[in-house]
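Lettering of chains follows the sequences in order, A, B, ..., and the numbering in each one begins at 1.
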Protein chains: 2
Amino acid sequence: MIGTRASELLRVVHENPDVTRADAARLVGIGTGAATELVARLTAAELISERPAEPSGRGRPTTVLQPHPKGPLVLAVAFTHESWRAEVVQLGGAVVACDGDEEMAHAYGEGDRILVEVKDRLTRLRRRFRGRIRGMGVSVPGLVAMDRLVEASTLGWSGVNLATLWPNAPVTAVGNDATFAGAAESRRGAAVGAAVALHIRVDAGLGGALVENGRVLTGAVGLGGEFGHIPFGADDVECPCGARGCWGPSLDGHALARLLDHPDPKDPVAYARRVLAAAATEAGERERQAVEVVAARLGRGIAGLVNAIDPDLVSVGGLGVDYLAAASRSLDDAYLAGLMAFRRSDPPPVVAAELLEGGPVAGAAEEAWARLWPLLPT
Amino acid sequence: MIGTRASELLRVVHENPDVTRADAARLVGIGTGAATELVARLTAAELISERPAEPSGRGRPTTVLQPHPKGPLVLAVAFTHESWRAEVVQLGGAVVACDGDEEMAHAYGEGDRILVEVKDRLTRLRRRFRGRIRGMGVSVPGLVAMDRLVEASTLGWSGVNLATLWPNAPVTAVGNDATFAGAAESRRGAAVGAAVALHIRVDAGLGGALVENGRVLTGAVGLGGEFGHIPFGADDVECPCGARGCWGPSLDGHALARLLDHPDPKDPVAYARRVLAAAATEAGERERQAVEVVAARLGRGIAGLVNAIDPDLVSVGGLGVDYLAAASRSLDDAYLAGLMAFRRSDPPPVVAAELLEGGPVAGAAEEAWARLWPLLPT
DNA sequence: GATATTAAACTCTGTTGTCGAGCAAAAACA
DNA sequence: TGTTTTTGCTCGACAACAGAGTTTAATATC
């Protein structure tokens, strides 16, 4: 077990890349004496290292705290509905290596086969860094309970145990892609500094995360943030989840197709992007209207969640970024109308996610790091 | 500032009334040596005292840790739409004195006048305990932001600053009644032991709280838990909050009256109780049906929140207790149907609150205590 | 009734973490 | 060249804590 101060210092280094040692000491709230001892211990433990800082004024020059070149790493793996990607991430969030496939051919229903291949590639990465990789975060577009994938309807995977990708990993964090993206936005993206941040991600499904002071509220079994299954939608649409009236299916690609009287698309995300592209053209009046309807539904739902949860800020990711860009007026109008009246004068801002498609991997790395802290040796 | 161990011991004593000293030491995770020193210090500081415990087997008899007879107290004040009540609460949650009025005549719109009287009575209580009262929690049926009452439509109060009840109180916690009731259920009621507990309280309005490991998620400005303004209701009903389709107005007394074609009741809570009483009689078929509709709406909404938040347990308070008792079948059916299918085999239980009308006061006391911990002297 | 057993409390000691004061170092400024 | 400013290092005082051994007060057993 690591001392609490040491743990705090590591967190400061992680959250503020290239902090100077003096600033870090101030942030942790210790004197220079204690900082000397702490930094020495963490350097000896090969967790951090120092390099001279840019001289920035008068006074004795300080050093910059950075990850140790032999320090611990985590593996962040993210699956989307059509590809996978792995990153090796060091303290501070920098990526030191990556691997992955753009095309995960025939992934549908073949969870086990794909996993064997991915496992192999991950093992190779781990071998390459000889024991330095100390934990793994895995992001999947689906329902994840108790670190086990319950269902990923877009992949046709069900009951897959993703912990088998690295059987005896010291720490494993399996989570929903939207949840991880929310975590990443709070720590390295649009929601940095928000004490209570709400993230909403529209993708094949709709999900999100509620992050309070950097901690994701994952719920009792890890299913917190499944906002897509709140009944904000119309009762006549049945959700793949088995309930009716879910919010998610009212604003994804399928919803756009219904609004445009198109046949149900096979890849709703790609379809939605096509509709968005068409809406941006001269001739896309019908598409524009459909996007506005969907954006309004997004805004209305966000308002309900803001009323209930009271966040500082709402970030939207995935297709939400496009909806926001293409129909911000509709979204905002619906958002404001749905808020409790007295909130309308100073509503929590609704902003686009900054990490975009990198959110889920980054979040997986963050969560793996978060679980690794308590295990790091002195 | 108090030592962390000392603070933990106090919390243990607070959360487990009549713990023995030996058990407390085990719960804090310290040896008997450290316990001796800690207990001595806290006794000297007049925070706790000891009395011999019932001998319960062989071995040296231990003592029971209890609040010190001269120890600190908090004031818990709770307003309802027709009365107010104050309790003086000691460490551990026991009430040592109380005051209040059943009838708060003509309270509507007269926030300032009532407050002058309440303030007077509270000052008298504080004088009676000569400096021992160290903090205050105030529960109000209305929207509370930044410890200030924003609006209480049932009382006609608006912009009232409840901190003036005790201007320079060392700690003040002003909050919504449903939020406080949720806090109380998590710590002394039906949700004890639930890591993530969701509380829903139907009263004049609908509110609640999300409690994670004993901590209430109050949101950015303290408005977290206003679940009544999530748009689960029909769009044709306008909520007093200014939005449309809010959940609260779809299952309160007004909603029952609409279902029964009665004129809009002045006191929706009393009206709802009359309908519930009628529903329990032979001749109350129409009332029974109305209650079932409302109970189903409650169940459906709870399902949506469970999908999104993933709690261990849901407790319902206020009129919700009666809905649950009178139409548990309708509520459960709607609840299960609204859950994601894979959850239906093992859904989080929906239970009645245990503290009933005592919830808000108890929660106000708990929150005041929670804010008092860091200020207690060594 | 005498002795053993058990659980708890007390005492003492060595260790560790922390804070602060004073001093040294390395730069910019005058 | 000296002064100022910021930072890092060393050391001593102090409090918190763990652990071992001792004492105390009850029950259990003979």
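- Atom CG of Asp23(A) is separated from atom C1' of dG8(D) by 14 Å (rounded to the nearest Å).
- Of the candidates dC9(D), dA16(D), dA7(C), the closest approach to any side-chain atom of Thr32(A) belongs to dC9(D).
- Heavy-atom nearest nucleotides on DNA chain D were determined for Ala34(B) and for Thr20(A), and the one closer to the 5' end corresponds to Thr20(A).
- Ranking dC19(C), dT7(D), dA25(D) by closeness to the Arg5(A) side chain, first place goes to dC19(C).
- Rounded to an integer number of Å, the gap from Glu54(A) CD to dA26(C) P is 18 Å.
- Residue Leu38(A) contributes atom CG, which lies 7 Å from atom P of dT18(C) at whole-angstrom precision.
- The existence of a salt bridge linking Glu37(A) and Arg5(A) is excluded, since no basic side-chain nitrogen approaches an acidic carboxylate oxygen closer than 4.0 Å.
- In this entry the distance linking CD of Glu37(B) with C1' of dA18(D) reads 13 Å, nearest Å.
- Thr62(A) comes within contact range of the sugar-phosphate backbone alone, with a heavy-atom separation under 4.0 Å but no base atom that close.
- Arg187(B) places a side-chain N or O within donor-acceptor distance of the main-chain N or O of Gly214(B), the cut-off being under 3.5 Å.
- Here the options are Val39(A), Thr62(A), Leu42(A), Val64(A), the test is side-chain contact (heavy atoms from CB on, under 4.5 Å), and the partner is Glu50(A); only Val39(A) passes.
- Between Gly71(A) and Arg132(A), the closest heavy-atom pair is O-NE, 2.8 Å.
- When the side-chain nitrogen and oxygen atoms of Thr36(B) are compared with OP1 and OP2 of dC10(C), one or more of them lie within a distance under 4.0 Å.
- The side chain of Arg21(A) sits closest to dC9(D) out of dA9(C), dC9(D), dA8(C).
- The interatomic distance linking Arg60(B) (CZ) with dA8(C) (C1') rounds to 6 Å, in whole Å.
- Using a 4.0 Å heavy-atom cutoff across all strands shown, Ala22(B) reaches sugar-phosphate atoms only and no base atom.
- Remark: Arg58(A) is not in phosphate contact with dA26(C), judged by side-chain N or O atoms under 4.0 Å from OP1 or OP2.
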